[in-house]
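Everything on this sheet refers to the single structure shown next.
Note that the structure is predicted; figures quoted are calculated from it, not measured. The analysis underlying the following values was restricted to heavy atoms, covering all of them including side chains, and did not include hydrogens, waters or symmetry mates. Proteins get letters first, then strands, A, B, ... in listed order; numbering begins at 1 in each.
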Amino acid sequence: MSLEDDLLRQRLEGVKQIEALGFQPYGRRFEFTHTIPEVLTGFSAKTGEELEASRVQVRIAGRVQTIRRMGKAGFAHLGQSGERMQMYVKKDAVPENDFALFQLLDIGDIVGCDGYLFRTRTGELSVHVDKLHFLSKTLLSMPEKWHGLEDVETRYRQRYLDLIANPDVQKVFLTRARVIRSLRRQLEERGYVEVETPMMQSLYGGAAARPFVTHHNTLDVDLYLRIAPELYLKRLLVGGLERVYEINRNFRNEGISTRHNPEFTMLEFYQAYADYKVMMDLTADLLKTVAEDATGSAVVNWDGNEIDFGNIRRLTMREAVVEFWPEAEKPSREQVRDREWLLRHSAKSTPGEALTDIFERVAEAKLIQPTFIYDYPIEVSPLSMQKPDEPEMVERFEFYACGMELANAFTELNDPQEQRRRFEMQLAMRERGNEEAHQMDEDYIRAMCYGMPPAGGEGIGVDRLTMILTGQKSIRDVILFPLLRPEGEIGIAQRLRDAE
RNA sequence: GGGCCGGUAGCUCAGUGGUAGAGCAUCUGACUUUUAAUCAGAGGGUCGCGGGUUCGAGACCCGCCCGGCUCACCA
């Protein structure tokens with residue numbers, strides 16, 4: 001018999017013993033007086049004498065993290081929301097069956113207790129238990145108390161176990177929630193309206209990426225999971241919703257890496273009568289405030305670097321190429337706008353694609369401090385408006401930090417004739433085999449034919465922003481259930497059946 | 001997809017060709033203020049899977065599976 005099956009039998013035997021003592025192994029509603037964090041914030045400052053004088057009675061609940069039994073008494077720590085509280089269970093202070101129950105507890109069980117607060121001989125704030133409550137039995141053994149759960153694969157596949165064993169993981173996801181809450185609040189304060197647009201689309205667009213395909217049976221049509229909500233949000237601008245935003249998932253059928261998950265969360269927002277410069281100023285405000293809301297400071301540490309969201313540089317793409325050129329002899333300002341020079345320094349076939357390619361190779365990884373890169377070539381920007389004085393460039397910026405692209409924004413193209421020409425250019429690219437070229441979206445053009453207000457629009461990658469604000473180096477550490485290959489046979493049902 | 005690294009007890013990890021190990025967890029016993037409790041004892045392993053080399057493989061070779069990092073593409 002394997003150890004694990006042996007353990008399962010022992011635990012199931014424990015369930016019967018718990019029932020025999022008159023407790024329910026899987027309990028019901030439990031009304032506590034304090035959460036463990038509330039007890040700690042409320043009473044950590046009190047001395048033992050003060051606690052003795054006021055005799056504070058509490059009822060708490062949590063998961064058993066440690067047990068130290070010493071004959072006719074013992075200690076256990078209960079964990080809740082990443083904090084822990086010690087309980088002291090003494091044979092003559094609790095009913096007989098409660099002490100028997102204490103003897104049966106396993107690490108990982110969920111229990112509650114009544115008792116009064118006191119300080120132990122070593123000074124730890126603890127609950128002097130007078131009644132135990134059993135709430136839920138664990139049948140499997142918990143990860144080791146000192147190292148926690150470190151196996152990365154298990155942490156992602158069984159995130160619940162990761163959250164139990166590694167309190168810092170809970171903190172990351174609580175910070176993620178604060179990031180999203182802050183973004184929502186800031187946009188709402190500026191009059192933005194949250195909307196939901198289709199995740200399943202018969203035409204996909206708004207970005208350059210390969211899609212996931214699915215099928216609707218009744219309509220008998222193939223549908224794509226969206227790669228971006230952009231084209232729908234701009235239809236809403238046409239309809240008169242002048243400030244809209246959506247925070248939701250995009251799906252891109254591309255590679256997986258520390259910075260890419262096939263489904264990821266994007267904030268997209270559009271503001272009528274604005275342009276990319278307005279969006280840039282707005283983004284600077286949003287990012288500074290979201291950093292403060294999520295972490296308490298506009299300055300955060302990421303991979304050993306102080307990242308200051310209160311101080312964002314602004315460089316054109318060409319300036320960035322010059323500044324980050326790896327050799328001592330840097331190109332001149334004239335060279336980085338010279339068609340021949342650009343094509344000589346890249347394998348791409350147009351000057352604009354070449355400039356973008358050179359920028360990505362030369363500058364992107366070095367953009368550690370928060371930076372806006374603006375003025376992009378038209379070839380890589382099919383939905384952006386041209387610069388009035390320089391038609392081969394568009395009014396577009398991206399935001400970079402920690403060597404990652406975090407946001408992409410532009411003055412939205414609202415001329416239907418020009419949009420039609422851009423789509424036709426993309427179709428030509430598609431026919432030449434570019435799978436990621438934009439599809440023609442006639443309804444989008446039709447919407448624009450009714451008049452789309454001038455507007456600025458932007459997308460911000462919420463997962464990557466959260467990575468920086470929580471100091472995580474892999475996107476999987478800010479996504480609760482990142483995509484992995486399906487696991488093989490687990491076999492728990494069979495084991496439970498065998499142990500019954 | 002390429003390159004590099006990893007998979008040994010429930011967990012964290014040792015183990016460079018010769019009897020599969022440690023700590024935590026588990027089980028038994030002792031212990032009424034411990035806190036990585038302590039003390040005494042015990043059980044627990046298809047060494048990711050499949051081939052091969054060898055008198056002998058956890059280790060060496062080949063293939064496969066799963067994961068991590070990285071490059072390429074993307075946000």
Side-chain angles (χ1 to χ4, degrees), chain A residues 1-11 13-14 48 65-77 84-94 99 102 106-108 118-126 128 138-158 161 164-166 206-210 227-228 250-268 357 360-361 364-365 380 398-400 404-408 434-436 459-465 467 473-477 482 484-488:
Chain A
M1 188 193 310
S2 80
L3 165 69
E4 227 188 337
D5 290 337
D6 198 22
L7 183 105
L8 205 52
R9 271 179 244 271
Q10 287 163 11
R11 295 281 165 98
E13 184 54 38
Q65 291 187 330
T66 63
I67 306 175
R68 292 171 295 283
R69 278 184 273 259
M70 297 171 306
K72 298 189 181 63
F75 294 87
H77 274 111
R84 43 194 253 170
M85 184 78 210
Q86 183 171 254
M87 57 178 196
Y88 175 55
V89 183
K90 193 163 66 160
K91 194 169 198 292
D92 11 328
V94 295
F99 194 74
F102 177 68
D106 288 305
I107 289 170
F118 77 114
R119 282 193 186 277
T120 61
R121 197 172 285 165
T122 52
E124 179 167 346
L125 182 66
S126 307
H128 199 289
T138 178
L139 299 179
L140 298 173
S141 62
M142 288 292 140
E144 202 225 13
K145 63 185 167 190
W146 196 239
H147 299 91
L149 178 65
E150 303 211 333
D151 181 80
V152 179
E153 185 173 353
T154 310
R155 288 187 45 225
Y156 296 155
R157 288 198 193 281
Q158 297 177 252
L161 202 54
I164 291 168
N166 302 322
R210 276 147 55 205
I227 59 173
N250 290 346
F251 305 87
R252 297 189 186 176
N253 208 336
E254 311 266 357
I256 296 177
S257 79
T258 48
R259 293 164 182 206
H260 301 86
N261 194 62
E263 53 177 310
F264 65 100
T265 300
M266 181 95 109
L267 163 64
E268 280 206 17
D357 175 48
E360 285 170 359
R361 288 202 322 264
E364 182 166 353
V380 297
E398 291 190 336
F399 173 75
Y400 286 87
M404 289 189 283
E405 183 192 335
L406 287 166
N408 179 20
N434 183 345
E435 253 189 283
E436 299 192 347
I460 296 179
V462 171
D463 311 276
R464 288 183 177 179
L465 178 59
M467 282 170 68
K473 291 176 71 185
S474 171
I475 199 166
R476 293 181 206 99
D477 291 319
L484 299 179
R485 267 183 211 282
E487 199 176 356

Measuring only the [atom1] atom in each nucleotide, how far is [N] from [M]? A whole number of Å is fine.
{"N": "U70(B)", "M": "U8(B)", "atom1": "C1'", "result": "27 Å"}
{"N": "G3(B)", "M": "G63(B)", "atom1": "P", "result": "11 Å"}
{"N": "G7(B)", "M": "G43(B)", "atom1": "C1'", "result": "26 Å"}
{"N": "G15(B)", "M": "U28(B)", "atom1": "C1'", "result": "30 Å"}
{"N": "A9(B)", "M": "U46(B)", "atom1": "C1'", "result": "13 Å"}
{"N": "C55(B)", "M": "G45(B)", "atom1": "P", "result": "31 Å"}
{"N": "A36(B)", "M": "G23(B)", "atom1": "C1'", "result": "10 Å"}
{"N": "C61(B)", "M": "G17(B)", "atom1": "C1'", "result": "14 Å"}

Looking at every strand, decide which applies to [X] at a 4.0 Å heavy-atom threshold: base, sugar-phosphate, or nothing.
{"X": "Arg155(A)", "value": "nothing"}
{"X": "Gly148(A)", "value": "sugar-phosphate"}
{"X": "Phe118(A)", "value": "base"}
{"X": "Thr154(A)", "value": "nothing"}
{"X": "Asn253(A)", "value": "nothing"}

Less than 4.0 angstrom between a side-chain N/O of [X] and OP1 or OP2 of [N], yes or no?
{"X": "Arg69(A)", "N": "C31(B)", "value": "no"}
{"X": "Arg476(A)", "N": "C69(B)", "value": "yes"}
{"X": "Ser126(A)", "N": "U33(B)", "value": "no"}
{"X": "Lys145(A)", "N": "C11(B)", "value": "no"}
{"X": "Thr258(A)", "N": "U70(B)", "value": "yes"}
{"X": "Arg119(A)", "N": "U33(B)", "value": "no"}

Start with the C-alpha distance between Val89(A) and Val94(A), add both sets of side-chain angles, then the distance that settles side chain to side chain contact (heavy atoms under 4.5 Å, CB included), and finish with yes or no. CA-CA 7 Å; Val89(A) 183; Val94(A) 295; 4.2 Å; yes

What's the [atom1]-[atom2] distance between [X] and [N], to the nearest Å?
{"X": "Ile256(A)", "N": "C69(B)", "atom1": "CD1", "atom2": "P", "value": "11 Å"}
{"X": "Asp477(A)", "N": "G68(B)", "atom1": "CG", "atom2": "C1'", "value": "11 Å"}
{"X": "Glu153(A)", "N": "U12(B)", "atom1": "CD", "atom2": "P", "value": "12 Å"}
{"X": "Glu254(A)", "N": "G1(B)", "atom1": "CD", "atom2": "C1'", "value": "13 Å"}
{"X": "Met70(A)", "N": "G29(B)", "atom1": "CE", "atom2": "C1'", "value": "17 Å"}
{"X": "His77(A)", "N": "U34(B)", "atom1": "NE2", "atom2": "C1'", "value": "9 Å"}
{"X": "Glu487(A)", "N": "C66(B)", "atom1": "CD", "atom2": "P", "value": "12 Å"}
{"X": "Trp146(A)", "N": "G10(B)", "atom1": "CH2", "atom2": "C1'", "value": "20 Å"}

Is a side-chain donor or acceptor of Glu405(A) paired with a backbone partner of Glu398(A) at a separation under 3.5 angstrom? no

Picking from [options], which would you name as closest to the side chain of [X]?
{"X": "Asp106(A)", "options": "C66(B), C27(B), U12(B)", "result": "C27(B)"}
{"X": "Glu144(A)", "options": "U32(B), C24(B), G67(B)", "result": "C24(B)"}
{"X": "Gln10(A)", "options": "C27(B), C73(B), U32(B)", "result": "C27(B)"}
{"X": "Leu149(A)", "options": "U26(B), U33(B), U12(B)", "result": "U12(B)"}
{"X": "Leu484(A)", "options": "G67(B), U12(B), U32(B)", "result": "G67(B)"}
{"X": "Lys72(A)", "options": "G67(B), A25(B), U32(B)", "result": "U32(B)"}

Any side-chain donor paired with an acceptor under 3.5 Å for Glu144(A) and His147(A)? yes

Test item: side-chain donor near acceptor, Tyr88(A) and Gln86(A), under 3.5 Å: no

Consecutive-pair stems (at least three Watson-Crick or G-U pairs, under 3.5 Å) that include RNA chain B: B:1-7 with B:65-71, B:10-13 with B:21-24, B:26-30 with B:38-42, B:48-52 with B:60-64

Residue list, side chain to side chain donor-acceptor pair (under 3.5 Å) with Glu13(A), at least two apart or on another chain: none

Looking at [N], does its base get a donor-acceptor pair with the side chain of [X] below 3.5 Å?
{"X": "Asp92(A)", "N": "U32(B)", "value": "yes"}
{"X": "Thr120(A)", "N": "U34(B)", "value": "yes"}
{"X": "Arg68(A)", "N": "U34(B)", "value": "yes"}
{"X": "Glu124(A)", "N": "U33(B)", "value": "no"}

Do the side chains of Arg155(A) and Asp151(A) get close enough for a salt bridge, i.e. N-O under 4.0 angstrom? no

Taking ring pair (Phe, Tyr, Trp, His ring centres under 6.0 Å) as the test, write out the residues that go with Phe264(A), two or more places apart. none

Given that His147(A) and Arg84(A) both sit by RNA chain B, which one's nearest nucleotide is further toward the 5' end? His147(A)

Specify the residue among Gln86(A) and Ala208(A) whose closest nucleotide of RNA chain B lies further upstream toward the 5′ end. Gln86(A)

For Thr66(A) versus Arg84(A), what's the shortest heavy-atom pair and its separation? CG2-NH1, 4.1 Å

Non-hydrogen atoms of Leu8(A) and Leu139(A) that approach each other most closely: CD1-O, 3.5 Å

Can you list the steps and then say if Arg69(A) with Phe102(A) is a side chain to side chain contact (heavy atoms under 4.5 Å, CB included)? CA-CA 9 Å; Arg69(A) 278 184 273 259; Phe102(A) 177 68; 3.7 Å; yes

Check against side chain to side chain contact (heavy atoms under 4.5 Å, CB included), Tyr156(A) and Asp477(A): CA-CA 8 Å; Tyr156(A) 296 155; Asp477(A) 291 319; 3.0 Å; yes

